[in-house]
Amino acid sequence: MTELKPLSIDFFQQPTLELAQNLLGCLLVKETEEGIASGYIVETEAYIGPGDRASHGFGNRRTKRTEILFGEAGYVYTFVTHTHTLVNVVSGPAEESEGILVRAIEPVEGIDLMRERRGIDNLRNLTNGPGKLTKALKIKMDDYGLPITKPPLYITTGKIPEAISKGPRVGIENSGEAKHYPWRFWITGNPFVSRKG
DNA sequence: AACCGGATATACT
DNA sequence: GTATATCCGGTTT
């Protein structure tokens with residue numbers, strides 16, 4: 001095993017659409033008292049505030065909830081929808097609401113812990129969706145606003161994807177034109193993406 | 001394919 | 001205060 005260090009803050013300062021693709025293959029790590037759980041990021045989506053009706057920061061709407069999106073790149077934006085927590089990485093410069101949703105990971109470390117947290121055995125179903133991976137890694141609203149560059153929640157280099165696919169984002173039916181933007185990226189053929197691509 | 005759960009935030013009155 | 005919407009997932013038809 002090579003020693004893995006968190007990516008530094010400047011990695012997150014590249015343009016959002018590039019960062020969304022460059023995060024594919026990186027390792028997302030969550031440390032807890034129960035142990036470490038991690039996985040390669042295999043699917044992401046970009047949300048670019050001002051002109052993106054699917055983004056919580058659409059039209060530069062700045063609220064308590066979205067405040068972190070307007071901050072500097074490299075911080076964690078968590079929110080809850082229905083019964084699930086979703087995790088984003090803030091990107092773009094300060095004062096601009098841009099972020100990247102982590103939609104799926106490929107389990108690497110702490111797989112038994114993930115199985116326990118998810119209450120299932122099937123490896124393929126542990127982390128192949130944005131609400132699933134947060135439960136497997138125990139990412140919650142507690143993590144809102146943390147830097148993504150140091151424990152307990154951070155991203156390291158991982159493997160280099162062989163090929164990247166892209167397409168429209170998922171679950172944003174009510175977002176006008178924005179629903180067609182090809183801002184979802186995934187590692188081609190990876191079995192842990194949330195939907196086949 | 002439908003539907004419903006149940007956290008959080010924001011919009012409406 | 002009440003109503004409505006949501007970057008979802010599991011269960012039921």
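Every chain is numbered from 1, with letters handed out A, B, ... down the list of sequences.
Nucleotide B:dA9 holds its P atom 14 Å from the CD1 atom of A:Ile68, rounded to whole Å. What separates NZ of A:Lys179 from P of C:dT6 is a distance of 12 Å, to the nearest Å. Going from atom NE2 of A:His56 over to atom P of B:dA9 covers 11 Å, rounded to whole Å. As rounded to whole Å, 18 Å separates atom P of C:dC7 from atom NZ of A:Lys132. In this structure, A:Arg103 atom CZ and C:dC8 atom C1' are separated by 9 Å, rounded to whole Å. A:Arg184 has its CZ atom 11 Å from the P atom of C:dC8, to the nearest Å. Rounded to whole angstrom, the span from the CZ atom of A:Arg61 across to the C1' atom of C:dC7 amounts to 13 Å. Between A:Asn122 atom CG and C:dG9 atom C1' the separation is 15 Å, expressed in whole Å.
Considering all non-hydrogen atoms of both residues, A:Pro6 and A:Thr149 come closest at CB-O, 3.1 Å. The shortest heavy-atom contact between A:Arg117 and A:Leu137 is NH1-C, 3.5 Å. Between A:Pro130 and A:Leu101, the shortest heavy-atom distance links the atoms CB-CD1, 4.5 Å.
Among the protein residues, A:Leu101 comes within range of the nucleic acid bases, having at least one heavy atom under 4.0 Å from a base atom.
Residue order along DNA chain C, read from the 5' end via each residue's closest nucleotide, puts A:Thr81 first among A:Thr81 and A:Asn128. Each of A:Arg118 and A:Gly57 has a nearest nucleotide on DNA chain C; the 5'-most of these lies closest to A:Gly57. Looking at which nucleotide of DNA chain B each of A:His82 and A:Arg65 is closest to, the 5′-most match is held by A:His82. Both A:His84 and A:Met141 lie close to DNA chain B; mapped to their nearest nucleotides by heavy-atom distance, the more 5′-ward contact belongs to A:His84.
With B:dG5, C:dC8, B:dT8 as the candidates, the nucleotide lying closest to the side chain of A:Thr83 is B:dG5. Candidate nucleotides B:dA7, B:dT10, B:dG5 were compared by shortest atom distance to the side chain of A:Thr63, and B:dT10 ranks first. Nearest to the side-chain atoms of A:Asn174 among the listed nucleotides B:dT8, C:dT6, C:dC7 stands C:dT6.
Taking 4.0 angstrom as the limit, A:Asn88 places none of its side-chain polar atoms (N or O) nearer than this to OP1 or OP2 of C:dC7. Proximity of A:Arg53 to the phosphate of C:dC7: no side-chain N or O atom is located under 4.0 Å from OP1 or OP2. A:Lys135 has no side-chain polar atom (N or O) that falls below the 4.0 Å cut-off from OP1 or OP2 of C:dG9.
Pair check for C:dC7 finds none; no Watson-Crick or G-U wobble contact set falls under 3.5 Å. Nucleotide B:dG6 is matched to nothing when pairs are restricted to Watson-Crick or G-U wobble geometry with both distances under 3.5 angstrom.
Within the model, atoms CG of A:Leu7 and OH of A:Tyr154 stand 11.0 Å from one another, a figure rounded to the nearest 0.5 Å.
Between the side-chain ring of A:Phe79 and the base of C:dC7, no stacking contact exists by the 5.5 Å and 30° definition.
With hydrophobic clusters built from ILVMFWY side chains whose heavy atoms lie under 4.5 angstrom apart, A:Leu19 shares a cluster with A:Leu24.
By the 4.0 Å N-to-carboxylate-O rule, A:Lys150 lies too far from A:Glu31 to be salt-bridged with it.
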